[in-house]
Number of protein chains: 2
Amino acid sequence: MTAQARGLHARVLDSLGPAITAGEYPPGSVLRTDELAQRFEVSRSVMREVVRVLESMHLVASRRRVGVTVRPTEEWNVYDPQVIRWRLAGADRPRQLRSLTVLRSAVEPVAAGLAARNATAEQCAALTECALGMVATSRGRQLEGYLVHDMAFHRIVLDASGNEMFARLGDVVAEVLAGRTHHDVMFEDPDPAAVTLHVRVAEAVREGDAARAEALTREIAEGALRELDILAPPPAPAS
Amino acid sequence: MTAQARGLHARVLDSLGPAITAGEYPPGSVLRTDELAQRFEVSRSVMREVVRVLESMHLVASRRRVGVTVRPTEEWNVYDPQVIRWRLAGADRPRQLRSLTVLRSAVEPVAAGLAARNATAEQCAALTECALGMVATSRGRQLEGYLVHDMAFHRIVLDASGNEMFARLGDVVAEVLAGRTHHDVMFEDPDPAAVTLHVRVAEAVREGDAARAEALTREIAEGALRELDILAPPPAPAS
DNA sequence: GTGGCGCAAAAGTCTGACTTTTTGAGCACA
DNA sequence: TGTGCTCAAAAAGTCAGACTTTTGCGCCAC
């Protein structure tokens, strides 16, 4: 699926990055550039570039005479799409999925409210089309088709909000939705209530009703959170 | 303020990065590594590492036979703290500040709600202390002292939410708050209503009242948005 | 006009030498 | 015994130059 032969640099990065985010080298571990270069059978130049990129993601810190130190998790640039992808592919995928879903639940309602104010006619049309597409694929195990429309729907809302920070979460939301379909609940059709909510959000945005768009999207988000609680209960249940 | 002599690599990055985010090289511009290396008087190795990092931020794309192309703004990793810092230091600071404030207004209320559920006793104590500090410095042009407590307050709330994505926005919020004090409204004392709201949020979190913590924080956020509208009206006023 | 051929430009990679910073061990001295 | 200084080694940082690979584009034949 992902491009295979796009330079040594990228290949080493795609090997070392996931290893670090997966905790294979626990925080505080010290690596040495030369040693890594040998291990991956590349020149020091290539390995230095890899380390520089990992450093820019705050996954590691490079210090003279010490080496390349893995940083504690709290310092990682967890918004870097690359880091998100690595973590979603790794062991703490559930934790990551939960974090991202909570983030969605905070951002998307506000984005929908803004979209109701700012969406262009084209965006409204596209949104309605997506909602209809979701309805059309909501029954009969057409999960892949449904997913496509679902991803497009949420991306359009985030784009139409007119806020670039929101817009850039489109990829993240798409990953979360795809992950849900492909790993967790791919055996049953989507919740009919959720489908209806999407249609109504499209309506509200089209009519410029910000408050309603926000409230309805909040309902969608709450549904997603509930779903998550069922599949993977939160770390500390209320005592 | 910022460290001065931390390697050639970092210095060149801190020179080229802001230039790109400032639009000095408009999207689509093509740079050549060798030329850049000459311009900055560094070796190709150093310049290649810089380009790699810029590439990992999606600011540029490097392709053989073509060169290093500046990417369109929509593709930049706008959540990268480095990119945020560069943009806040540059010309479209107001736009950036607005985007971030809207993001805050979406995230912080939800974070406060979670904090009410998850905050430890220590965090509650620290929060109350910050709120009291804000009260103590809210009059008599003690803006710097107020800022310190304000930043700490919001960082604690984001941390206490227990969501790592929220927690990592602490630095961003701190930048926004600092920017407000240092650039925009440093002539007058903070809004007394906002101060009170902070105190009440601390209370709500301490009492574990999630709904109230969320609602109160939403009020704080709305205040910040209103303030922004007064200082720099939004691009398209409602027709 | 269309399609293929080949050139050259630019990034990519490798190697080896040299510099700089920093740590920690060893030693001298109190 | 403990404190502080010196110094050597370790690792990253920097540089220069040669070579490889990809690829856009011009040119030419058809």
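Chain letters run A, B, ... following the sequence lines, proteins first, then strands; residues in each count from 1. Only this structure's heavy atoms are used, side chains among them; waters, hydrogens and symmetry mates stay out.
Using a 4.0 Å heavy-atom criterion, one finds that B/V51 contacts no nucleic acid atom at all. Nucleic acid contact class of A/S62 (heavy atoms, under 4.0 Å, all strands): sugar-phosphate only.
Considering every non-hydrogen atom in both B/V53 and A/S56, the closest pair reads CG1-CB, 3.6 Å.
Closest contact between the side chain of B/R65 and the listed nucleotides D/dG17, C/dA8, C/dA11 involves C/dA8. Checked against D/dA12, C/dA11, D/dG24, the side chain of A/T33 finds its nearest nucleotide in D/dA12.
In this structure, B/S45 does not reach the D/dT14 phosphate: none of its side-chain N or O atoms is under 4.0 Å from OP1 or OP2. One finds a side-chain N or O of B/R63 lying less than 4.0 angstrom from the OP1 or OP2 phosphate oxygen of D/dG24. Taking only side-chain nitrogens and oxygens, A/R32 never comes nearer than 4.0 Å to OP1 or OP2 of D/dA10. Distances shown here put a side-chain N or O of A/R52 below 4.0 Å from the OP1 or OP2 atom of D/dG13.
The aromatic ring centroids of A/H198 and A/H154 lie less than 6.0 Å from each other.
B/Q82 and A/H58 form no side-chain donor-acceptor contact under 3.5 Å, judged by distance and modelled atom types alone.
Under the 4.0 Å criterion applied to side-chain N and carboxylate O atoms, B/D171 and B/R155 are assigned as salt-bridge partners.
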